[in-house]
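Every heavy atom of this structure was used, including side-chain atoms; hydrogens, water molecules and symmetry mates were not. Quick caveat, the model's predicted, so the values are computed rather than measured. Chain A is the first sequence line, chain B the second, and so forth, proteins listed ahead of strands; every chain is numbered from 1.
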Amino acid sequence: MKIATWNVNSLRVRLPQVLAWLALEKPDFLALQETKLPDAEFPQAEIETAGYHCAFNGQKTYNGVATLSRVPATQTVMELPGANDPQRRLLATTHNGVRILNVYIPNGQEVDSDKYRYKLDWLDRLQEFLEAELEEFPELVLLGDFNIAPEDRDVHDPQAWAGHVLCSNPEREAFQGLLDLGLHDAFRLFESGGDHYSWWDYRQGAFRRNHGLRIDHILASHALAERCVACTIDSTPRKHERPSDHTPVMAQFK
DNA sequence: ATGGCGCGCGCAGCGCGA
C-alpha cells in the first residue's frame with residue numbers, strides 16, 4: 001500500500017503533472033492540498049479515467065483538499081468539530097478500514113498575527129479531533145501540508161528561521177502533541193539526517209540551492225507504522241516546468 | 001531593508017503563500 005501527499009498549488013494548473021505522477025507511481029492514495037477550485041469545477045472525470053476515485057472539499061481561489069484513492073471513500077468528514085469555519089482544509093475518509101486524514105494546516109503568515117492565532121487554534125481543534133479518530137480507527141494516517149518544520153534538521157538555515165512562522169515553538173509543540181497521541185513521522189522512521197525538504201521557495205533559486213523546509217508530512221498510527229517499509233520525498237516534480245513549490249511525499253506499507 | 005516567484009482574480013495590480 002502506497003500513500004502520498006502533495007500540495008499542488010492549484011489543481012487546475014497542475015492536473016497534467018498529477019495525472020503523470022499517478023501513472024508513474026501508482027499510489028493507492030494521493031492526498032492533495034491547495035486545489036484552489038470549487039467542487040463544481042473539480043476535474044473528477046479526468047481523475048476517474050486515470051483509475052482513481054475522488055473525494056474533495058474545495059472552495060474558490062484558496063485552500064481546498066482532495067483525496068484520490070483506488071478504493072472509494074466512506075465515512076467522509078469535512079469539518080473539524082467545534083467551529084463554523086469556511087476554509088476548506090480537512091478531508092477525512094475511510095477505505096477498507098484505513099482512515100485517511102488529509103489536512104492543509106494554515107500557514108500562519110507571521111508569529112503573533114491573527115492568522116498565526118488561527119493556525120494554533122486550528123491545531124488545537126485538530127488535536128481533539130485526532131484523539132477521537134484514533135480511538136475509532138487503529139489504522140490511521142494523518143498527512144498533508146502541515147506548514148510546520150518539526151525540528152531544526154528540517155530547515156535549511158535554522159538560525160535564519162529561528163522563532164519564525166513554520167518553526168516557532170508553539171507550532172512545534174502542537175506538532176509534537178499530535179505525535180504524542182500515538183503517531184509516527186513516517187519519514188523519520190528511515191532517515192535521521194538533514195537536507196531533506198518538501199518545499200522550496202520559487203524565488204532566489206531556492207530549489208537549485210536546496211534551500212528548503214520539510215513541512216509536508218505523513219504521520220502513521222502505531223498499527224500502520226509497524227507496517228511502514230519506506231518513506232521518500234520525490235523531488236522530481238519540483239524540476240518540471242511550472243512546478244508546484246511543494247513536492248510529493250510517499251510512504252509504503254506492507 | 002525590500003523583494004525576489006507563482007497563483008487567482010480579472011484585466012491592473014494586489015492578496016496570499018511559506
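- Residue A:Gln59 contributes atom CD, which lies 12 Å from atom C1' of B:dG8 at whole-angstrom precision.
- When the side-chain hydrogen bond (donor to acceptor under 3.5 Å, both in side chains) test is applied to A:Thr67, the partners found at least two apart in sequence or on another chain are A:Asn102.
- Taking the six-membered ring for Trp and thresholds of 30 and 60 degrees, A:His156 and A:His211 have nearly parallel ring planes, at less than 30 degrees apart.
- To the nearest whole angstrom, the two P atoms, one in B:dG15 and one in B:dA1, are 22 Å apart.
- A close approach under 4.0 Å does occur between a side-chain nitrogen or oxygen of A:His246 and OP1 or OP2 of B:dA18.
- Comparing B:dG10 with B:dG6, their P atoms sit 22 Å apart, to the nearest whole Å.
- Within 4.0 Å of A:Gln109, counting heavy atoms only, lies at least one base atom of the nucleic acid.
- For A:Trp21 and A:Asp234, the side-chain atoms include at least one donor-acceptor pair closer than 3.5 Å.
- Counting non-hydrogen atoms under 4.0 angstrom, A:Lys119 reaches nothing in the nucleic acid.
- When heavy atoms are screened at a 4.0 angstrom cut-off, A:Tyr104 is found touching the sugar-phosphate backbone but no base atom.
- At a cut-off of 3.5 angstrom, the base of B:dA18 holds no donor-acceptor pair with the side chain of A:Asp201.
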(Q) Dot-bracket for DNA chain B, please. Rules: Watson-Crick or G-U, both distances under 3.5 Å, ( ) within the strand, [ ] when a pair crosses earlier ones, | for another strand, . otherwise. (A) ....(((((...))))).
Can you check nucleotides 9-14 of chain B for protein contacts, nitrogen or oxygen pairs under 3.5 Å, and list what you find?
unit_1, atom_1, unit_2, atom_2, d
B:dC9, OP1, A:Thr61, OG1, 3.0

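- At the heavy-atom level, A:Asp145 lies under 4.0 Å from the strands shown only through sugar-phosphate atoms.
- In this structure, the CH2 atom of A:Trp199 is 13 Å from the P atom of B:dG6, given to the nearest Å.
- Residue A:Tyr62 contributes atom OH, which lies 9 Å from atom P of B:dG15 at whole-angstrom precision.
- Nucleic acid contact for A:Asn7: sugar-phosphate only, since backbone atoms but no base atoms lie under 4.0 Å from a heavy atom of the residue.
- Within the 4.0 angstrom heavy-atom criterion, only backbone atoms of the sugar-phosphate kind lie near A:Val13; the bases stay farther away.
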